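The basis for the numbers below is simple: all heavy atoms, side chains too, and nothing from hydrogens, waters or symmetry mates. Predicted model, so just to flag it, every value in this text is computed and none were measured.
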Amino acid sequence: MAVVYGDDDASFQAAGGQAGIKRLVDRFYDYMDILPEAAAIRAMHPGDLEVTRDKLYCFLCGWLGGEKLFAPKYGPIMIPRAHEHLDIAEPERDAWLLCMEKAVAEQPYAEDFKAYLMRELFVPAERCRIFSQRRIEGE
Ligand code: HEM
């Protein structure tokens, strides 16, 4: 049977499980450190990204259908609400997605999974932008 990403842990497996997701997150923040387009969003983060890296890693494991590591360690999370206080417009959303696109491109994932993953990540990234803009408009 064909693999359907999004079913059970198909996406988690396609991303290489916990080790694969850890590599992806590490490369993602490496890109955030060096890409000029990402300088503004890098500046929103703490200097030391160790905990931030772990948080995104834990979140993505569960989000992709693997073990839900985030909540037991850091508490419940709703991604758009967790970003509401930040100033996220299209350039910030796109900078985040650019770091992810570069990191995803380097991974030994199936090409159709790379495309699927980027389409899926657009959804919470866009919701972060919407929540942020709503907060700014309401101020
Ligand atoms: C849309 C553009 C985005 C920007 C500019 C952005 C930026 C940030 C910043 C500045 C933090 C705080 C880091 C810290 O203080 O440790 C953060 C936390 C986090 N981000 Fe994002 N982010 C974006 C999108 C996303 C998306 C799409 C996801 C998930 C798919 C995500 C997952 C997380 C997680 C899990 C945390 C930790 C939250 C917490 O500590 O409560 N982010 N993000």
Side-chain angles (χ1 to χ4, degrees):
M1 269 238 319
V3 175
V4 179
Y5 303 128
D7 274 6
D8 298 323
D9 68 346
S11 299
F12 177 75
Q13 297 302 341
Q18 294 191 356
I21 294 168
K22 193 152 198 348
R23 279 193 294 273
L24 172 68
V25 168
D26 276 339
R27 294 302 291 144
F28 168 76
Y29 284 112
D30 289 349
Y31 275 116
M32 198 183 285
D33 261 337
I34 59 167
L35 289 179
E37 296 94 325
I41 63 168
R42 176 63 184 89
M44 297 175 182
H45 289 78
D48 183 341
L49 290 173
E50 197 186 326
V51 175
T52 310
R53 284 176 192 261
D54 187 59
K55 284 180 171 178
L56 185 58
Y57 158 73
C58 289
F59 177 79
L60 288 180
C61 282
W63 189 73
L64 291 170
E67 200 181 335
K68 299 211 176 308
L69 301 172
F70 191 94
K73 198 164 175 186
Y74 296 112
I77 187 167
M78 203 278 228
I79 288 294
R81 199 147 288 154
H83 293 75
E84 204 172 16
H85 63 292
L86 301 168
D87 290 350
I88 302 177
E90 282 188 18
E92 291 74 23
R93 178 201 67 192
D94 291 348
W96 193 95
L97 289 168
L98 178 68
C99 297
M100 202 44 104
E101 194 182 326
K102 298 238 179 229
V104 165
E106 283 180 355
Q107 304 307 310
Y109 300 165
E111 288 304 319
D112 65 337
F113 180 67
K114 291 182 184 179
Y116 166 85
L117 184 55
M118 290 312 302
R119 281 197 306 276
E120 289 295 306
L121 284 167
F122 179 86
V123 177
E126 171 62 1
R127 293 192 76 214
C128 290
R129 184 194 69 78
I130 291 170
F131 269 57
S132 168
Q133 294 305 307
R134 256 191 225 145
R135 191 252 317 147
I136 291 166
E137 283 158 19
E139 274 172 2

Same hydrophobic cluster for [X] and [Y], using side-chain heavy-atom links shorter than 4.5 Å among ILVMFWY?
| X | Y | answer |
| --- | --- | --- |
| Ile88 | Ile136 | no |
| Leu117 | Tyr31 | no |
| Leu86 | Val51 | yes |

Using residues 90-101 as the side-chain source, report each donor-acceptor pair under 3.5 Å to any protein atom, sequence neighbours left out, with the distance given to one decimal.
| from | atom 1 | to | atom 2 | distance (Å) |
| --- | --- | --- | --- | --- |
| Glu92 | OE1 | Ala89 | N | 2.9 |
| Arg93 | NH1 | Glu126 | OE1 | 2.7 |

Which residues end up grouped with Phe131 if you chain together Ile, Leu, Val, Met, Phe, Trp and Tyr wherever their side-chain heavy atoms are less than 4.5 Å apart?
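Besides Phe131, the hydrophobic cluster comprises Met78, listed by chain and residue number.
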Through direct or indirect side-chain contacts below 4.5 angstrom among Ile, Leu, Val, Met, Phe, Trp and Tyr, which residues connect to Val123?
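None; Val123 is a cluster of one.
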What's the shortest heavy-atom distance between Arg53 and Val25, and which atoms?
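Scanning both residues completely, I find the closest heavy atoms to be O-CG1, 3.4 Å.
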Nearest heavy-atom pair of Tyr74 and Cys58: which atoms, and what distance?
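Minimum heavy-atom contact is CE1-SG, 4.2 Å.
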I'd like to know if Glu106 pairs up with Lys102 as an ion pair, taking the criterion as any Lys NZ or Arg NE/NH1/NH2 lying under 4.0 Å from an Asp or Glu carboxylate oxygen.
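Looking at Glu106 and Lys102, the cut-off is not met.
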Below 4.0 angstrom, N of the basic side chain to O of the carboxylate: do Arg135 and Asp87 qualify?
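Salt bridge: yes.
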List the steps, then state whether side-chain contact (heavy atoms from CB on, under 4.5 Å) holds for Phe12 with Ile21.
CA-CA 8 Å; Phe12 177 75; Ile21 294 168; 3.5 Å; yes
Tell me, please, which residues at least two apart from Arg42 pass salt bridge (charged side-chain N to carboxylate O under 4.0 Å, His left out).
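For Arg42, the residues satisfying salt bridge (charged side-chain N to carboxylate O under 4.0 Å, His left out) (neighbours in sequence not counted) are Asp33.
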I need the [X] [atom1] to [Y] [atom2] distance, nearest 0.5 Å.
| X | Y | atom1 | atom2 | value |
| --- | --- | --- | --- | --- |
| Glu84 | Ile130 | CD | CD1 | 12.0 Å |
| Asp9 | Cys61 | CG | SG | 11.5 Å |
| Trp63 | Ser11 | CH2 | OG | 8.0 Å |
| Phe28 | Leu60 | CZ | CG | 8.5 Å |
| Leu64 | Tyr5 | CG | OH | 12.0 Å |
| Asp30 | Leu49 | CG | CG | 9.0 Å |

Is it the case that atom CZ in Arg27 sees more than 12 heavy atoms from other parts of the structure closer than 6.0 Å?
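Yes - once you tally the heavy atoms of other residues, nucleotides and ligands closer than 6.0 Å, there are more than 12.
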Taking CG in Asp8 as the centre, count heavy atoms belonging to other residues, nucleotides or ligands within less than 6.0 Å. Is the count above 12?
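Atom CG in Asp8 is not crowded, with 12 or fewer foreign heavy atoms closer than 6.0 Å.
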With salt bridge (Lys or Arg N to Asp or Glu O under 4.0 Å) as the rule and sequence neighbours excluded, what pairs involving residues 108-122 come up?
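Listed once each, the pairs are Glu111-Lys114.
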Quick one: salt bridge (Lys or Arg N to Asp or Glu O under 4.0 Å) pairs with a partner in residues 60-76, sequence neighbours left out?
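The answer is Asp54-Lys73.
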Could you tell me whether the side chain of Gln107 and the main chain of Ala103 form a donor-acceptor pair under 3.5 Å?
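Yes; at least one donor-acceptor contact below 3.5 Å.
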Val3 vs Phe113, side-chain contact (heavy atoms from CB on, under 4.5 Å): CA-CA, chis, key distance, verdict:
CA-CA 10 Å; Val3 175; Phe113 180 67; over 6 Å; no
Just do the side-chain contact (heavy atoms from CB on, under 4.5 Å) check on Met32 and Ile41 with the steps written out, would you?
CA-CA 8 Å; Met32 198 183 285; Ile41 63 168; 3.8 Å; yes
Asp26/Arg23 under salt bridge (Lys or Arg N to Asp or Glu O under 4.0 Å): CA gap, chis, key distance, verdict
CA-CA 5 Å; Asp26 276 339; Arg23 279 193 294 273; over 6 Å; no
